[in-house]
Amino acid sequence: MRYNFKNIEKKWQKIWDEKKIFEVKDQEIGKKNYFVLEMFPYPSGMLHMGHVRNYTISDLISRYKKLQGFNVMHPIGWDSFGLPAENAAIKYKKHPKDWTLANINKMKEQLKAMGFSYDWSREITTCLENYYKWNQWIFLKLYEKGLAYRKESVVNWCNKCKTVLANEQVENGKCWRCSSEVVQKSLEQWFFKITEYQEQLLQDYEFIKDGWATRIIDMQKNWIGKSEGTTINFDINNLDENIKVFTTRVDTLYGVTYIVIAPEHEIVNKFITILLKKDNTLAKNIIDFIESVKKQTELDRNMKGKEGIFSGFYAIHPFTNKKIPIWLGNYVLATYGTGAVMAVPAHDQRDYEFAIKNNLEIKIVITPYYNDSNSKNFELKNKAFEEKGFLVNSAEFDNLKSDEAKIKITEKLIFLNKGNFTKTYRLKDWLISRQRYWGTPIPIIYCKKCGIVPIKFDDLPVKLPESVDFTGQGDSPLKYISDFVNVKCPECGNIAQRETDTMDTFVDSSWYFLRYCDSKNDSMPFSKEKTSLWMPVNQYIGGAEHACMHLLYSRFFEKVFVDLGLVDKKAIEPFTNLLNQGMVIKDGNKMSKSKGNIVDPDEMLKKYGADSSRLFILFAAPPHKDLEWNEDSIEGANRFLNRFYRLFDEIFNRKDDSLEQKRNIEQMHNSTIKKILEDYENFGYNTIIATTMEAINFLYKEKDSTNKSQLLNFISDICILISPIVPHITEEIWQKLGNKESIILSKLPVFDSKKAEKDKIIFVIQINGKIRAKYDAKKDEIQENIEKIIFADEKLKTYLENKKILKKVFIKNKLINIVVK
RNA sequence: GCGAGAGUGGCGGAACUGGCAGACGCACUAGACUUAGGAUCUAGCGCCUUUGGCGUGUGGGUUCAACUCCCACCUCUCGCACCA
């Protein structure tokens, strides 16, 4: 017989739903709270396999923790603001809200069909007023604290999405969402001051280093990009100005032969003003150069090589007082450090290339450590020498090692008041303005008289207007809604203008986990009392692609909330354990629409059901690895479940129960429990399934000669153990076995260590590493009778008598080892 | 270039603290049952010159014993990348 997964799965999903079995109270006596969180989906219309895998793993952990006796919260919601809804509105002439809510309904069905154990009573939908109101509330709190500010600066603009992007959302010069080229624009925008927290973000890895993959932490550290060095002030010849440069190699200071500044550097304007009076051609050339660099994308700058132009000005070397030419160069980033570098062509490859191209002086000031005897004769071999070494041609610093010289030189700079030790970070403030409709309105009004005026907390929410035309042309649709834009200033009552930008949707996802703890609160985004019952999240599960976006922003928000007194300090890090599941791959590529290799979860569910799908996904690869999609394997999963059900069915319907209880069944039973419980702790979900299959194979062989209740007892424990993986079929068997309560409310079986001790094991007799014989015995038995056992074997006896036994026989694990000459 | 991870059959992957490499599954082969088999069951399945030998990316080392530890190298994947 085949088990009917369609009926069984539907039946139990309905019962679980009706009994509200997954709804969790904030506290339950005698139980510890455990918060399982998965990255909530964007409601695009259909779950993709990445979601299915992510949520299958989360569901397994949630159900396992329940069986362990925890009070588990496993919530779900919808990250439902964002650009695709707006694009769909333009394309299908459907309102983003309708489109989004319809998608949510569809996807909710899919989630339910997978049998995921969500507490739907805590569901959140970020595009609804009762959520985004609190985005605005949080914005205003940050504004109060000076952590939200408006500033004109050069920002990333995506022409296709028609909005600005945060630095984190630009990948290799392209938009993270649509992959089109990102250009630079100077605009006035809202920022969150994440840089205020950069040091703390680095320090607090202390609290999560055991629970996060080092890869993710490294990615974040890299992104924050802390670097320690020295800032030097270079005076400018015949001009009462100076240029600050940042360097990590101040030991090469005597090798500076020119200065390069970014074309965007503020001093350039001064240069031009002066030059226009003295040297019109040079000024024009410089202006042309700046224009041409502006047109280059990041990629161009990389590809075209280093370009530059002499500014006409000279800097003064702080120690030698020599005149050093100041150049403008396309390879200097305006946004990093001071936007100016001291060029040491002998010891920096970029400067070297630039110097060769522009025929600038190259001066060696470092020689390799091994080159001590003739260090003065050290020569470059068509490239810069970038390693550390001994200083030469550096006056009183000659013969010092690089590290020592860095300190001494900086100390002298400090003495001369020309520089200091500095730390520089790559991280920039988080740009949160978006020129799009489908997002949280920024709660700000601009008044000619009063300037920037925040909305009063009591006046929240600033509602997103619903009747809007989506033409796809021009600016954000919000700009054209005069009711929305033209308002009275809350301060002076005069006509004022509302901010029409909305917030980056990453604002929504930076605190949603806190809302789950207190999802119905209508006076605060969340209460400290409720969040402190659940936070920090015990286990977070999601993809690694969010390392420098969502995961970094959330850490930042959490720290702000702690400082604002909104959450307890014990949750200074929001996610203590993070599991990054691998990607789902088909034909060697990540599943995606553009690759055309999508597998529709609906089809999978229809053909094989939820349990088979879950089993397949967990069995095919360990959770952190990429998973290769294989249609044949899912059939294998389905086959196994049928086999399992058939085994149960056959034993269950057997009339005769007079057979003996068997020791080997008891042993297998016990060791199966042990292995599976261990694997749950080590994320070895694929081997849990392998162990279960072994047990089932074993039972098939033994069933006809074994006591019925002993067999059913074993099957019952298997059901509990694998119910987090295949909840429906196990619940069905569990109930047939006569249990009244749901299997979800049961407890994990316990491994009996006393029983295991007495085991008979197969011992292997190994001589010089080669296996010579096997022997079946109890451990203590064999320890006493080693010689008898060995010499009972004639062949072995002769062999050993011919050789000389060198070391005493010893036993380890399942091995008797003899060392001979 | 910098940072992280990984290399084991035809494939996905097992192997706890160094202790029978290839568990479990897929694919494949043969057989059984069957009107039928794409259901199910049984057996086989790393390679070779098969009473034996060789095998965990390559080359060395430690050890009675190495996928596992040490040294050198190769390859692949991912992340970052003109960051001064």
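Being a predicted model, the structure only gives us computed values, none of them experimental.
Following rounding to the nearest Å, A:I585 (CD1) and B:G12 (P) show an atom-to-atom distance of 11 Å. Nucleotide B:G12 holds its P atom 18 Å from the CD atom of A:E631, rounded to whole Å. If you measure from atom CZ of A:F644 to atom P of B:G25, you get 15 Å, rounded to the nearest angstrom. For the pair A:N167 CG and B:A81 P, the interatomic distance rounds to 10 Å; values are reported in whole Å. Rounded to whole angstrom, the span from the OH atom of A:Y336 across to the C1' atom of B:A81 amounts to 12 Å. Atom CH2 of A:W176 is separated from atom P of B:G79 by 15 Å (rounded to the nearest Å). Remark: C1' of B:A84 and OH of A:Y331 are 9 Å apart, rounded to the nearest angstrom. The interatomic distance linking A:E171 (CD) with B:G79 (P) rounds to 8 Å, in whole Å.
Ionic pairing of A:K590 and A:E545 is not present here: no N-O contact between side-chain nitrogen and carboxylate oxygen is shorter than 4.0 angstrom.
One P atom belongs to B:C70, the other to B:U62, and the distance between them is 15 Å to the nearest Å. Atom name C1', nucleotides B:U56 and B:A14: the rounded distance is 12 Å, in whole Å. Comparing the P positions of B:G37 and B:A30 gives an interatomic distance of 14 Å, to the nearest angstrom. Spacing of C1' atoms, B:G18 relative to B:C64, comes out at 12 Å, to the nearest Å. Atom P of B:C67 sits at a distance of 10 Å from the matching atom of B:G55, rounded to the whole Å. Rounded to the nearest Å, the gap between the C1' atom of B:G44 and that of B:G5 is 37 Å. Nucleotides B:C24 and B:U35 place their P atoms 33 Å apart, quoted to the nearest Å. Remark: the separation of the P atoms in B:G25 and B:G60 is 38 Å, to the nearest Å.
Judged by distance alone, with hydrogens and angles left aside, the side-chain atoms of A:R426 form no donor-acceptor pair with the main-chain N or O of A:S227 at under 3.5 Å.
Taking every side-chain heavy atom of A:W223 into account, B:A81 is the closest of B:C26, B:C78, B:A81. Distances were taken from every side-chain heavy atom of A:R646 (C-beta onward) to each of B:C24, B:A84, B:C41; the shortest belongs to B:C41. In this structure, of B:G79, B:C26, B:C24, it is B:G79 that holds the atom nearest to the side chain of A:N222. Each of B:C41, B:A81, B:A84 was ranked by its minimum atom distance to the side chain of A:V341; first place goes to B:A84.
OP1 or OP2 of B:G25 has at least one side-chain nitrogen or oxygen of A:N697 nearer than 4.0 Å. Distances shown here put a side-chain N or O of A:R639 below 4.0 Å from the OP1 or OP2 atom of B:A27. OP1 and OP2 of B:C80 both lie 4.0 Å or more from every side-chain N or O belonging to A:R215. OP1 or OP2 of B:A81 lies within a sub-4.0 Å distance of a side-chain N or O belonging to A:R426.
No side-chain heavy atom of A:R53 sits under 4.5 Å from any side-chain heavy atom of A:M49. Between A:F5 and A:L641 there is no side-chain heavy-atom pair separated by less than 4.5 Å.
A perpendicular orientation is assigned to the rings of A:W327 and A:F354, their planes being inclined by more than 60° (bins at 30° and 60°). Using a 30° and 60° split on the angle between ring planes, A:F683 and A:Y685 fall in the perpendicular class, above 60°.
Remark on RNA chain B: of its neighbouring residues A:A690 and A:Y700, the 5'-side contact belongs to A:A690, judged by nearest-heavy-atom nucleotide. Between A:E678 and A:G339, it is A:E678 whose nearest contact on RNA chain B lies nearer the 5' terminus.
Of the residues listed (A:Y608, A:F616, A:F640), the one engaging A:E635 in a side chain to side chain contact (heavy atoms under 4.5 Å, CB included) is A:Y608, and it is the only one.
Under the Watson-Crick and G-U wobble criteria, each requiring two contacts below 3.5 Å, nucleotide B:G37 is left unpaired. In this entry B:U17 has no Watson-Crick or G-U wobble partner, no candidate having both defining distances under 3.5 Å. Base pairing of B:U63: no nucleotide in any strand meets the Watson-Crick or G-U wobble criterion (both distances under 3.5 Å). Base pairing annotation: B:C11 forms a Watson-Crick or G-U wobble pair with B:G25, both donor-acceptor distances under 3.5 Å. Across all strands shown, B:U77 pairs with B:A4; the Watson-Crick or G-U wobble distances both stay below 3.5 Å. B:A72 is paired with B:U58 under the criterion used here, namely a Watson-Crick or G-U wobble arrangement in which both key atom distances are under 3.5 Å. B:C45 is unpaired under the criterion used here, namely a Watson-Crick or G-U wobble arrangement in which both key atom distances are under 3.5 Å.
Among the atoms of the strands shown, only primed sugar atoms or phosphate atoms (P, OP1, OP2) are found under 4.0 Å from some heavy atom of A:D218.
In this structure, A:R646 fails the cation-pi test against A:Y700, since its NZ or CZ atom is not both closer than 6.0 Å to the six-membered ring centre and inside 45 degrees of the ring normal.
Shortest non-hydrogen contact noted between A:L165 and A:V182 is CD1-CG2, 3.9 Å.
An anti orientation is assigned to B:G31, its glycosidic angle lying beyond 90° of 0.
Other residues, nucleotides and ligands place more than 12 heavy atoms under 6.0 Å from the NZ atom of A:K363.
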When you compare the protein's N or O atoms with those of nucleotides 13-15 of chain B, which come within less than 3.5 Å of each other, and at what distance?
{"from": "B:G13", "atom 1": "O3'", "to": "A:N686", "atom 2": "ND2", "distance (Å)": "3.3"}
{"from": "B:A14", "atom 1": "OP1", "to": "A:N686", "atom 2": "ND2", "distance (Å)": "3.3"}

